[in-house]
> 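Submitted below is the structure of interest, expressed as structure tokens.
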Amino acid sequence: MDNQSIAKIFEEIGNILEIQNQNPFRFKAYYRAAQTIENLSQELSEIYKADKNGLTKIPGIGRALADTIIEILETGKSRGHDALVKTLPEGFLNMLDIRGVGPKKVKLFYTELAVKNIVELKEAAEKRLLQTLPGMGEKSESEILAAINEYLSTSHDRRLLFDAMQQADEFVAHLGDGGSGGKNSATSKLIEAIEPCGSLRRRAETVGDIDILCASKNPEKIMERYVSYPEIAKILSQGSTKSSVVLKSGIQVDLRVIDKESFGAALQYFTGSKEHNVRTRDIAKRKGLKLSEYGVFDNDKMIAGKTEKEVYNAIGLPFIPPEMRENRGEIELAEKLGVKGEKNMPKLIELKDLRGDLHVHSDWSDASQDIETVAMAYKKAGFDYIAMTDHSAFIGITHGMDENRIKQQWKEIDKLNKKLAPFKILKGCEVDIHKDGTLALPDEILKKLDIVIVAVHSAFTLPEPEQTARIIKALKNPYVKILAHPSGRLINKRPAYKVDMDAIIKTAVENDVALEINSSPSRMDLQDIYVKRAKELGAKFAINSDSHHSSHMEYLKFGVFVARKGWLEAKNVINTMPIS
DNA sequence: GCCGTTTTCGGCCCGACTGTTTTCAGTCG
């Protein structure tokens, strides 16, 4: 059983205990554990196999939860969970996904109206039965009905970070220029600072909603401006400092307006993650302080709040970069280092550290531009080198290169290298890994290439042992330098192929093969949690665009986001190095 | 249910907004 499935079981146990009105700290323990497990970079089964007491070393997992995990690992299920699930009808917990409906309400609907799922809840609302219940009224009923209709009509996929960033930028532009295309300076003067926060600022690969923080002395004006955005489909709430809307695109946008003196504290709060916040607030509390979005307070005296660094330092921690705030060990590290150890926090890689791109396509395979056009674009953008890595000939790949065409391409590259020097085009190839782990090109060719990238483009559904063995065999080829998009997933479209990622990482380390962080916004592969794990195991990485058009070099920043979320520094990434 | 340079027992983050109320519970982040 994989971590995601186990996390889901814990989430359900938490939900049911909450509906049953049990001790809040008990069900919260299950939620916290679910969250932690979902974020783990190593499979629970591996942790348990390596150390029988390893599970209880995970923060938030004690003896009882560890035993439940062990039971699930050994039997495929938890009797406790099964018993709880049996107390509720099928589909019951889905009602919690309706906005405005929580544990208290579903319990009320069930006990009073025998409502068992979303469809029955909709029927009850349409029959105007909900408003007859205690604590409910006409307004609540119609809001729930609207939320159900919205839920049933929209996709529940989280947005790609790429899409969310675009929408956030447009929204910020609207607020900033008053919707007048930059001419309305009266409105922009209202805004002293503005920044998208939440999972977007943490550069999570997908984003559930967009959070925007704004500093202003005149929140009412900002709120007016906010709800006038033409792309708004529905206003969910509108207060004096906080409003929520849903855009026509279906994404929710929350705006918080705050005084400039509190901007740092509000950034910290609004960026999350939730679990990170809970822990930082807990640390503050244990020091006799209080941390909220308004600042750090010693009794009633505000001692920090203007900047995030000030806030972290005030509670005894070094500044923690937003990308790291996922409760994946950053709190423990920060507590260990303390304010004085701030310089020893990871110095996360930045886009400007990249000097080349080691995975680039041209019209020699499935891209549209010729090599010179592509190379010129990179040169102009300030890069020192690229590796031309067109596809090897293989079923399913358009215009893949066979040995003869590869040799022809080398001549072209030699010619261009003279012309474009000191910019350098490396001779490369994205070589297919066959189902049996052999490569699509012979070693005689591979050894003459500067960069051999290997990749899986077929037989995605092999069972885990075969898929793992296939990739491991390829990594052991002495000429292989990089493993492209190691998991193969396309976000929201295609799941990762089933592999033992720990085994692949270890093999890559042993054979000095770099793991690619593919920057394509729908790949972002290797995933951040595995990047962090791989770094711990000593892996090297390559942040590549996999560009099929020179404009795709813009994607590299998404690869850098992933790298930062995996705590990488420039020295961990081979294409931050000079070419020689 | 978890956890411990305040505790092995007694704590467990903090605040905004809404609707239904007449002071607050529920939900959300």
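This is a predicted model, so every value here is computed, not measured. Numbered from 1 within each chain, the chains take letters A, B, ... in sequence-line order.
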> Counting only side-chain nitrogens and oxygens, does A:Gln22 get under 4.0 Å of the OP1 or OP2 atom of B:dG1?
no
> If only side-chain N and O atoms count, and only distance matters, is there a donor-acceptor pair under 3.5 Å linking A:Asp525 with A:Gln527?
no
> Expressed as a whole number of angstroms, how long is the span from A:Leu236:CG to B:dG29:C1'?
13 Å
> What does the list of N/O pairs under 3.5 Å between the protein and nucleotides 20-22 of chain B look like, with a distance for each?
from, atom 1, to, atom 2, distance (Å)
B:dT20, OP1, A:Gly137, N, 2.6
B:dT20, OP1, A:Gly137, O, 3.2
B:dT20, OP1, A:Glu138, N, 3.4
B:dT20, OP1, A:Ser140, N, 3.4
B:dT20, OP1, A:Ser140, OG, 3.1

> Quantified in whole Å, what is the P atom distance between nucleotide B:dT18 and nucleotide B:dT7?
43 Å
> Using a strict cut-off of less than 4.0 Å between a Lys/Arg side-chain nitrogen and an Asp/Glu carboxylate oxygen, indicate whether A:Asp67 and A:Arg63 qualify as a salt bridge.
yes
> Under 3.5 Å, which N/O atoms of the protein pair with N/O atoms of nucleotides 11-13 of chain B?
from, atom 1, to, atom 2, distance (Å)
B:dC12, OP1, A:Lys285, NZ, 2.8
B:dC13, O2, A:Arg281, NH1, 2.8

> Do the charged groups of A:Glu308 and A:Arg325 touch, with an N to O distance under 4.0 Å?
yes
> Which of residues 238-248 of chain A have a heavy atom under 4.0 Å from DNA chain B?
A:Gln238, A:Gly239, A:Ser240, A:Thr241, A:Lys242
> Taking pairing as Watson-Crick or G-U wobble with both contacts under 3.5 Å, can you name the mate of B:dG26, or confirm there isn't one?
B:dC17
> Using atom C1' in both nucleotides, what's the gap between B:dG29 and B:dT23 to the nearest angstrom?
24 Å
> Using ring pair (Phe, Tyr, Trp, His ring centres under 6.0 Å) as the criterion, list what pairs up with A:Phe270, not counting sequence neighbours.
none
> Starting at CD1 of A:Ile235 and ending at P of B:dG19, how long is that distance when rounded to a whole Å?
13 Å
> Can you see whether A:Ser249 engages A:Gln167 through a side-chain donor-acceptor pair at a distance of less than 3.5 angstrom?
yes
> Let's see if you get this right: which residues in residues 90-115 of chain A place a heavy atom under 4.0 Å from DNA chain B?
A:Ile98, A:Arg99, A:Gly100, A:Val101, A:Gly102, A:Pro103, A:Lys104, A:Lys105
> Could I get the full list of side-chain contact (heavy atoms from CB on, under 4.5 Å) partners for A:Glu569, not counting sequence neighbours?
A:Pro346, A:Lys347, A:Lys535, A:Lys571, A:Asn572
> Answer with base, sugar-phosphate or nothing: what part of the nucleic acid does A:Glu18 contact at a heavy-atom distance below 4.0 Å?
nothing
> Taking ring pair (Phe, Tyr, Trp, His ring centres under 6.0 Å) as the definition, give me every residue that meets it alongside A:Phe561, ordered by chain and number, with sequence neighbours left out.
A:Phe558
> For the P atoms, the ones on B:dT27 and on B:dT21, what distance do you get once it is rounded to whole angstrom?
15 Å
> If the threshold is 4.0 Å, N to carboxylate O, is there a salt bridge linking A:Asp298 and A:Lys290?
no
> Provide the distance between the two P atoms, one in B:dC13 and one in B:dT20, to the nearest whole Å.
30 Å
> Using the side-chain contact (heavy atoms from CB on, under 4.5 Å) criterion, which residues pair with A:Leu152? Sequence neighbours excluded.
A:Ile118, A:Lys122, A:Ile148
> Strictly by modelled atom types, are A:Asn313 and A:Glu342 linked by a side-chain donor-acceptor pair under 3.5 Å?
yes
> Suppose we screen for ring pair (Phe, Tyr, Trp, His ring centres under 6.0 Å). Which residues come up paired with A:Tyr229, at least two apart in sequence or across chains?
A:Phe171, A:His174
> For B:dT5 versus B:dG1, give the span between their P atoms, rounded off to a whole number of Å.
23 Å
> Do you see a donor-acceptor pair shorter than 3.5 Å between the side chains of A:Asp259 and A:Tyr294?
no
> For residues 202-211 of chain A, tabulate all N or O donor-acceptor pairs below 3.5 Å that involve a side-chain atom, not counting sequence neighbours.
from, atom 1, to, atom 2, distance (Å)
A:Arg202, NE, A:Glu326, OE2, 2.9
A:Arg202, NH1, A:Thr271, O, 2.7
A:Arg203, NH1, A:Leu200, O, 3.4
A:Glu205, OE1, A:Arg489, NH2, 2.9
A:Glu205, OE2, A:Arg489, NH1, 3.1
A:Thr206, OG1, A:Arg158, NE, 2.9

> Can a donor-acceptor pair be found between the side chains of A:Glu18 and A:Tyr31 at a distance below 3.5 Å?
yes
> Take atom P in B:dA16 and the same atom in B:dT22, then report the distance between them in whole Å.
24 Å
> Are A:Arg279 and A:Glu330 close enough, and set up right, to give a salt bridge (Lys or Arg N to Asp or Glu O under 4.0 Å), and what steps lead you there?
CA-CA 11 Å; A:Arg279 298 204 54 192; A:Glu330 77 282 5; over 6 Å; no
> Would you say the side chains of A:Asn53 and A:Thr56 form a donor-acceptor pair under 3.5 Å?
no
> Please state how far atom NE2 in A:His276 lies from atom P in B:dC14, giving the value in whole angstrom units.
15 Å
> Which residues within residues 253-273 of chain A lie with some heavy atom under 4.0 Å of an atom in DNA chain B?
A:Asp254, A:Arg256, A:Tyr269
> Using the C1' atom as the point on both nucleotides, what is the distance between B:dC2 and B:dT8, in whole Å?
12 Å
> A:Tyr48: what forms a ring pair (Phe, Tyr, Trp, His ring centres under 6.0 Å) with it, not counting sequence neighbours?
none
